[in-house]
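Here is the structure we will look at, set down as structure tokens.
Both backbone and side-chain heavy atoms feed into the values below; hydrogens, waters and symmetry mates do not. Chain letters run A, B, ... following the sequence lines, proteins first and then strands; every chain starts at 1.
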Number of protein chains: 2
Amino acid sequence: MKELNIELHQGDCMDVMAGLPDNSVDMILTDPPYGIKYQSHGRTKSPKFEVLKNDDNDMRFVAYKEMYRILADDSVLVTFASWKNYHKDYAELEKYFDIKNVIVWWKHGGGMGDLKHTLATDYELAIVCHKGKCKLRGKREGSVWECGKVAPSKMVHATQKPVKLMRDLILKYTDEGDTVLDGFMGSGSTGVACVETGRNFVGIELDEKYYGISAERINEAQTATEGE
Amino acid sequence: MKELNIELHQGDCMDVMAGLPDNSVDMILTDPPYGIKYQSHGRTKSPKFEVLKNDDNDMRFVAYKEMYRILADDSVLVTFASWKNYHKDYAELEKYFDIKNVIVWWKHGGGMGDLKHTLATDYELAIVCHKGKCKLRGKREGSVWECGKVAPSKMVHATQKPVKLMRDLILKYTDEGDTVLDGFMGSGSTGVACVETGRNFVGIELDEKYYGISAERINEAQTATEGE
DNA sequence: ACTACGGTTGAATCCTGAA
DNA sequence: GTTCAGGATTCAACCGTAG
């Protein structure tokens, strides 16, 4: 396999993105904090994961604008949302992009909270934003994608996305050798998916701990795919 | 089975709702025009169905406020949306209601449009809005509901919802003998589901033709369930 | 290869009290 | 008044281990 260009940054995504040229990446696939101060596992005492850094609306909204500049024409930005913050992200993204699809990631499995009065929320939304016209690779598909979530014992980040889901998205919107950007790496699933599918990757993470975890996971994926 | 109270009105839903007392219905289940000037089957010449009447944002937004008044405490309004207008409805409904869930109705099967550049949208969203606290009947459930769509050959309305879907929603949020309101009847599926589940029904439809179709379908359902 | 069983979990929600 | 933080609560599904 041709050698990939993997470029990781620890720091604020606005600072790092400022150094990236216009129209320079072929896809942006990212999962910013939703602005809900999510405390994983409902525990405030000895939580498994800390509350996320950068967890406010303005942060990601400013980033979306900068991402539009960096993204190449005829490419997509895919960003995640829950039904509670979706309407805010939609209204913001609509200013720059053509929103052409919203994919429902059906993750199955229970929810939490007041289950007498509310249904368990077992999906998240992926907003597909076009800059120009990005053609879809592979076979024709619907907008509800079933994919199991990461097993709790294997979780290294509170809101970790499955590599399989990221891989499917990358395969749908890019070609081999393209470059993918993730401004909020978290656990680094996007980067791992890039390595597995032969895409170059630019990853940014503010939190030192998660930067380290991301780098390690991506490195492991590179070792695993060597000699293929 | 106890005799049901079925009350159908042909006219503007604002006019009819003005005559309904506060807190007088136990659920509102409705599917207003989405404000996207939907022309069924992509045809502008000799379309199968005409462009819907009442198809603008303001109409349903004003109606939502009036519906809040009519709805009893500890009950829900369930209204449908697509991902394209969801953010507008959400922002409006949030002013009056507690939005507690958004159900994804996964209808399977392809959509239309530019399939080289967009995925087929094969779901719609049902926004569950609480006035007070409405408890859920039956077993605990997730938020993605699979239900096949109405066969094209049996369609009598451009945006017709399956009776099964409406029945499941009614069973989840009401008890037998409760009263359900639909301010935008369309094909009358909500009314048919009420008859089948033993709920009283108040239905309103502006369009004369669809009012007739609704009345007929509901009437047939009543005949079919007689003697049960 | 499978099944059975028990512990753990969840982009949550409610309530109370402090600031 | 209103916002914010902490602790209790939730249960079907999933995971991991044993047999």
Using the ring-ring contact (aromatic ring centres under 6.0 Å, His included) criterion, which residues pair with B:Trp105? Sequence neighbours excluded. none

In terms of side-chain geometry, is the basic nitrogen of A:Arg217 or A:Glu220 positioned less than 4.0 Å from the acidic oxygen of its partner? no

Is there a salt bridge (Lys or Arg N to Asp or Glu O under 4.0 Å) between B:Lys107 and B:Asp122 once you walk through the steps? CA-CA 6 Å; B:Lys107 49 188 168 178; B:Asp122 51 356; over 6 Å; no

Pairs under 3.5 Å (N/O, protein and nucleotides 2-6 of chain C):
none

Looking at B:Lys161 and B:Thr159, would you say the former's side chain and the latter's main chain have a donor-acceptor pair under 3.5 Å? yes

Taking donor-acceptor contacts at under 3.5 Å, does the side chain of A:Asp31 reach the base of C:dA11? yes

Determine which bases of DNA chain C form Watson-Crick or G-U wobble pairs with both distances under 3.5 Å, and write the result as a 5' to 3' dot-bracket string with | for other-strand partners. .|||||||||.||||||||

Would you say the side-chain atoms of A:Tyr86 pair up with the backbone N or O of B:Trp83, donor to acceptor, closer than 3.5 Å? yes

Quick one: B:Leu136 CG to D:dC11 C1', roughly how many Å, whole number? 14 Å

Those residues at least two apart in sequence (or on a different chain) that pass side chain to side chain donor-acceptor pair (under 3.5 Å) with B:Lys172 are B:Glu141

For residues 110-120 of chain A, which residue pairs pass the side chain to side chain donor-acceptor pair (under 3.5 Å) check, not counting sequence neighbours? A:Asp114-A:His117

Selected nucleotide, minimal atom distance to A:Thr159 side chain, candidates C:dC14, C:dA11, C:dT9: C:dA11

I'd like a list of close polar pairs between nucleotides 12-18 of chain D and the protein, N/O only, cut-off under 3.5 Å.
from, atom 1, to, atom 2, distance (Å)
D:dA12, O4', B:Arg140, NH1, 3.3
D:dG16, OP1, A:Ser153, OG, 2.0

